[in-house]
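As the structure is a prediction and not an experimental result, all values here were calculated from the model.
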Amino acid sequence: MQVNGATSAASNSHAAYSRLTAARAQLVSDQIPTAANAKVISADRAAVTNAEAEVVRIEAEVARAEASKAGENADFLRSGRFMDVYA
């Protein structure tokens with residue numbers, strides 16, 4: 001069985017976006033004047049930055065996987081090692 005790398009990266013992407021959304025929501029809620037604390041806000045900003053970096057890393061991984069698959073498909077089509085079957 002062949003496992004598609006883009007599939008696992010895509011599912012990781014959904015989780016990363018979820019963590020990014022949660023980190024941004026936490027930052028917004030902690031900036032309410034009654035809850036404002038410099039250390040908490042700094043930690044929230046760091047969490048948002050880390051989540052954004054993770055999303056960028058996963059998107060790059062997905063793009064590399066898709067480019068690799070496109071290259072493999074192009075190589076296969078140029079190879080002539082296939083037969084079109086029409087029913």
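Here the side chain of Ser18 pairs no donor or acceptor atom with the backbone of His14 at under 3.5 angstrom.
Between Gln26 and Asp30, the side chains place a donor N or O and an acceptor N or O closer than 3.5 Å (distance only, hydrogens not considered).
Looking only at side-chain heavy atoms (C-beta outward), Gln31 and Arg45 come within less than 4.5 Å of each other. Contact annotation: the side chain of Arg24 approaches that of Glu52 to within less than 4.5 Å [non-hydrogen atoms, C-beta and beyond].
Taking the side chain to side chain donor-acceptor pair (under 3.5 Å) definition, one finds that Arg64 meets it with nothing, sequence neighbours left out.
Leu20 and Val48 get closest at one heavy-atom pair: CD1-O, 3.8 Å. For the pair Ile58 and Asn12, the tightest heavy-atom approach, listed with the atom from each and the gap, is CD1-O, 3.6 Å.
Annotation: ring-ring contact (aromatic ring centres under 6.0 Å, His included) contacts involving residues 53-78, sequence neighbours excluded, comprise Phe76-Phe82.
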